[in-house]
A.B. asks: 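Just dropping this structure here.
In the text below, chain A, chain B and the rest are named by the order of the sequence lines, each starting its count at 1.
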Number of protein chains: 2
Amino acid sequence: MPKATIDDVANLAGVSMKTVSRVVNKEPNVRESTRIKVEEAIARLNYRPNQSARNLASQRTRLIGLIYDDPSAYEIPSAGYVINMQQGTLRACRKAHYELLIHPCNYRNNNLGEELSELIEQARPAGIVLAAPLSNMPKVVKAIESTKTPLVCLSPGKADSQRLSVATNDREICAEMTRYLASLGHKRIAFITGHPSHKAVANRYLGYLDGLRQSGLKFSERLVLNGDNSFDSGVICSEKLLKRKRAPTAIFAANDDMAVAAIRVADQLGIDVPGQLSIAGFDDISLARQIFPTLTTIRQPLSRMSEQAATLLINERNDKVVAANSVTIPASLQIRDSTGPARDQ
Amino acid sequence: MPKATIDDVANLAGVSMKTVSRVVNKEPNVRESTRIKVEEAIARLNYRPNQSARNLASQRTRLIGLIYDDPSAYEIPSAGYVINMQQGTLRACRKAHYELLIHPCNYRNNNLGEELSELIEQARPAGIVLAAPLSNMPKVVKAIESTKTPLVCLSPGKADSQRLSVATNDREICAEMTRYLASLGHKRIAFITGHPSHKAVANRYLGYLDGLRQSGLKFSERLVLNGDNSFDSGVICSEKLLKRKRAPTAIFAANDDMAVAAIRVADQLGIDVPGQLSIAGFDDISLARQIFPTLTTIRQPLSRMSEQAATLLINERNDKVVAANSVTIPASLQIRDSTGPARDQ
DNA sequence: ACGTGTTCAGACAGCGCTGTCAAACCAAGG
DNA sequence: CCTTGGTTTGACAGCGCTGTCTGAACACGT
């Protein structure tokens, strides 16, 4: 039997096509008895609306595009990050019967703007979730905005911007981590910064400063080194820090890759972690639980962030007005074995 | 300016709508001079065909569905596996201007059949790539086949089946690994099997047997223990093996999670790897390169497999006849630090 | 000149749904 | 009874393309 169409349902239920459409789309103003008749017909014929026809007639798709920088394209194994985002976005999509289109790409690609506008004009998704670091690249954001497709960025938005964004409280949680380290008795807490272009990562440094202040510790420029999010930069910075005569007793790195590098360096230098040195990171990559000692870090609620982002997109057209144009979802400390009380000095 | 339609292009080029359609779809029988005229008009108007309209008119979509069991739904951190599959499928999709729809799901869900047929009838993808272990579940495969959507399974197909499948040479490569271990002088090579429902994993055991035979080693039932692919089962099996008086000098596990467990157990028992014990796995998960010692294992060409699968799907309708209905893409040994010469005994 | 076969181009009818608008219906009040 | 205003339903015209079919143009042999 060929697939049932809306006409078949209308005939069987003895109503017009349009009424069936109303029932399917849960539009108001359908008498209860009519609705039931239609629903029975739908069930009997196992009718499923043809998505392509709906898309064409309604001039919009039920697709959410998730655009992110593809880490494995150049050897950063943070697959968990991607999977988490996908899962969050998918949760939101499924609730609303939307589908998810994924589009990993390379942030170093010069034609990225063109690539994305082509994608968008082809597939015409109802909305785009754009992950960091792409969401910090004006070129990319502008290319997407020029297509008039609703966009939500997964990164801290500027307060003045009309752009919707979902972020986590990088700054506050980093202050919390710093206070936690201070509460363990650490006085010399070093910080390894991340890549400067990454806005969220910059906030982490500000949080570190806040935390020091709140704990009554004095800031020392010498304790701050600039990394670039890579494992290798973590190695370089940690070596500099730990080979000093007055080495820090704690290192807080702006991401886990660099924190793991610090653990590795400490191991090579024969420094006990956490006995002589506490190390904390940010991201909670899967490796954080697999290395020895397991890494104290901060878990971004990436999955809930992306879910929220997709939900914003989907609700946008329902006129459920978005109060703020920037939503924050709090991160949480994951205390593990790489941090401990400061040794008496 | 409102988006250009095919009519606009036709008018500008001074041809009919249909001719534009021919150019866009690269159909034959268009005079070169006409084609150029049309292409100029397309470029001038920045025309992009409306996918929804094409889908409706042509009764097919340009979507490939990738359906897989979502490991993180129940705590197996093999995100890399998923990412690899996605990347391969995406490569194939991009070449053909298809889009990828991902659908992670839980193989333990009882309504999976229903869930998938609903998905398929809604989104109407042009084809489905189904990953193991779902591709080994008759219920799931039947549910998908009943929708008449072209399907390619990512797992060894039965020779007699009409079903298309793409697989790797599990058996041959495991024989090779076994021979490699034997060539290092190992006489007592243990094998930890995987979950029995996973067809590819069963083949790994057969490969082990082949390898023993080819190396002139005698098979001993005592050296084979049954795991279930989980880290924990790897721990249990390894402990049994290593606490014996005549412990094996090499352990070959049917997947990396179990092999990593073996390394952990050896470490706890004070057994040096690879000095006293060689350990090999299968999968080449990212952890394999991160643990100490790095794990000798087998890399599945998952990304190329899924690319091939999607390509088969996309070409199917182009009548590029598929010669065999089962394609094999060879895996490769990744020799690292967890294997070494057998100690003199 | 004519037929015959082949290549190229256009007319037209949908694909299956939704948006718009108008008609029918209904309850309440005069 | 009729009006009024709200609720419920249906007719109809597309949405922007592709598939089918028919016609025009052209090449070639007779």
Side-chain angles (χ1 to χ4, degrees), chain A residues 1-39 41-42 45-63 97-99 121-124 126 317-319, chain B residues 1-39 41-42 45-63 97 121-124 126 317-319:
Chain A
M1 122 203 121
K3 285 211 67 63
T5 73
I6 200 171
D7 283 295
D8 301 328
V9 177
N11 287 147
L12 181 59
V15 299
S16 77
M17 201 164 91
K18 181 66 213 186
T19 299
V20 177
S21 168
R22 288 196 179 93
V23 172
V24 168
N25 292 297
K26 304 195 196 312
E27 285 173 27
N29 297 339
V30 176
R31 191 173 301 145
E32 188 56 21
S33 59
T34 312
R35 175 185 308 284
I36 290 171
K37 264 193 309 186
V38 172
E39 277 168 353
I42 289 176
L45 296 175
N46 192 237
Y47 166 72
R48 318 261 184 189
N50 179 319
Q51 217 32 75
S52 303
R54 305 174 93 180
N55 291 346
L56 178 58
S58 65
Q59 305 277 59
R60 66 195 183 84
T61 65
R62 282 154 179 269
L63 246 34
H97 286 275
Y98 274 57
E99 296 296 332
E121 300 192 330
Q122 284 276 342
R124 288 166 212 240
R317 68 176 300 281
N318 294 350
D319 291 343
Chain B
M1 120 207 121
K3 284 212 66 63
T5 73
I6 198 170
D7 282 296
D8 302 329
V9 177
N11 287 147
L12 181 60
V15 299
S16 77
M17 202 164 87
K18 180 65 212 185
T19 298
V20 177
S21 169
R22 288 197 180 93
V23 172
V24 169
N25 293 296
K26 306 196 194 310
E27 284 173 29
N29 298 340
V30 177
R31 191 174 301 143
E32 189 56 22
S33 59
T34 313
R35 175 186 310 284
I36 290 170
K37 263 195 309 187
V38 172
E39 276 167 354
I42 289 176
L45 296 174
N46 193 237
Y47 166 72
R48 316 262 184 191
N50 179 320
Q51 219 27 78
S52 303
R54 305 175 94 181
N55 291 345
L56 179 58
S58 65
Q59 304 279 56
R60 67 195 183 85
T61 64
R62 281 152 181 269
L63 247 32
H97 286 275
E121 301 193 328
Q122 285 275 342
R124 296 191 157 111
R317 68 176 299 284
N318 294 351
D319 292 342

A.B. asks: Is any side-chain nitrogen or oxygen of A:Thr34 closer than 4.0 Å to OP1 or OP2 of D:dT9?
C.D. replies: yes
A.B. asks: Report yes if at least one side-chain N or O of B:Asn25 is closer than 4.0 Å to OP1 or OP2 of D:dT18; otherwise report no.
C.D. replies: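 So the side chain of B:Asn25 is within the cut-off, an N or O lying under 4.0 Å from OP1 or OP2 of D:dT18.
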A.B. asks: Below the 4.0 Å mark, does D:dT18 have OP1 or OP2 next to a side-chain nitrogen or oxygen of B:Ser58?
C.D. replies: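 For D:dT18, neither OP1 nor OP2 has a side-chain N or O of B:Ser58 closer than 4.0 Å.
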A.B. asks: Side chains of A:Met17 and A:Val20: does their closest heavy-atom pair fall under 4.5 Å?
C.D. replies: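 SC-SC contact between A:Met17 and A:Val20 ruled out.
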A.B. asks: Taking atom P of D:dA11 as reference, at what distance in whole Å does atom CG of A:Asn11 sit?
C.D. replies: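 Atom CG in A:Asn11 sits about 11 Å away from atom P in D:dA11.
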A.B. asks: Rounded to whole angstrom units, what separation is found between the CD atom of B:Glu27 and the P atom of D:dT18?
C.D. replies: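 In whole Å, D:dT18 P lies 8 Å from B:Glu27 CD.
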A.B. asks: Taking atom types as they are modelled, would you say the side chain of B:Arg22 forms a donor-acceptor pair with the base of C:dG10 within the 3.5 Å cutoff?
C.D. replies: yes
A.B. asks: Looking at B:Asn29, does any N or O in its side chain come under 4.0 Å of the phosphate oxygens OP1/OP2 on C:dC8?
C.D. replies: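 It does, given that an N or O in the side chain of B:Asn29 lies less than 4.0 Å from OP1 or OP2 of C:dC8.
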A.B. asks: Send over the distance from A:Gln122 CD to D:dC17 C1', rounded to a whole Å.
C.D. replies: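 One finds 13 Å between C1' of D:dC17 and CD of A:Gln122, rounded.
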A.B. asks: Write down the distance between CD1 (A:Ile6) and C1' (C:dT18), rounded to a whole number of angstrom.
C.D. replies: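 Between C1' of C:dT18 and CD1 of A:Ile6: 8 Å.
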A.B. asks: Specify the residue among B:Ala53 and A:Pro28 whose closest nucleotide of DNA chain D lies further upstream toward the 5′ end.
C.D. replies: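 Nearer the 5' end of the strand: A:Pro28.
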A.B. asks: Respond yes when some side-chain nitrogen or oxygen of A:Thr19 is under 4.0 Å from OP1 or OP2 of D:dG10, and no when none is.
C.D. replies: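 Yes.
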A.B. asks: Want to settle it: does B:Arg35 or A:Tyr47 sit nearer the 5' end of DNA chain C, counting the closest nucleotide to each?
C.D. replies: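 Checking each residue's closest nucleotide, the 5'-ward one belongs to B:Arg35.
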A.B. asks: Just how far, in rounded Å, is P of C:dA22 from NZ of A:Lys18?
C.D. replies: 15 Å
A.B. asks: So, is B:Arg31 near the phosphate of C:dC8, with a side-chain N or O under 4.0 Å from OP1 or OP2?
C.D. replies: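 Answer no for this pair, as no side-chain N or O of B:Arg31 is under 4.0 Å from OP1 or OP2.
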A.B. asks: Which atoms form the tightest heavy-atom contact between B:Ser52 and A:Thr61, and what is the distance?
C.D. replies: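 Closest heavy-atom pair between B:Ser52 and A:Thr61: OG-CG2, 4.1 Å.
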A.B. asks: Using a 3.5 Å distance criterion without hydrogens, assess whether the side chain of A:Asn11 forms a donor-acceptor pair with backbone atoms of A:Asp8.
C.D. replies: no
A.B. asks: Take the protein atom CD of A:Gln59 and the nucleotide atom P of D:dC17, then report the distance between them rounded to whole Å.
C.D. replies: 10 Å
A.B. asks: Which residue in the set A:Val23, A:Leu12, A:Val24 passes side chain to side chain contact (heavy atoms under 4.5 Å, CB included) when paired with A:Val38?
C.D. replies: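 Only one option passes, and that is A:Val23.
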A.B. asks: In this structure, how many angstroms lie between the P atom of D:dT8 and the CE atom of A:Met17, rounded?
C.D. replies: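 Going from A:Met17 (CE) to D:dT8 (P), I get 21 Å.
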A.B. asks: By nearest atom, which of the nucleotides D:dG10, C:dG16, C:dT18 is closest to the A:Asn50 side chain?
C.D. replies: C:dG16
A.B. asks: Using whole Å, report how far CG of B:Asp7 lies from C1' of D:dC15.
C.D. replies: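 In whole Å, D:dC15 C1' lies 12 Å from B:Asp7 CG.
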A.B. asks: May I ask you to say what A:Val24 touches in the nucleic acid, namely base, sugar-phosphate or nothing, with a heavy-atom cut-off under 4.0 Å?
C.D. replies: nothing
A.B. asks: For residues A:Arg124 and B:Arg48, report the shortest heavy-atom separation together with the two atoms involved.
C.D. replies: NH2-O, 3.4 Å
A.B. asks: Ignoring backbone atoms, test whether A:Ser16 places a side-chain nitrogen or oxygen under 4.0 Å from the OP1 or OP2 oxygen of D:dT9.
C.D. replies: no
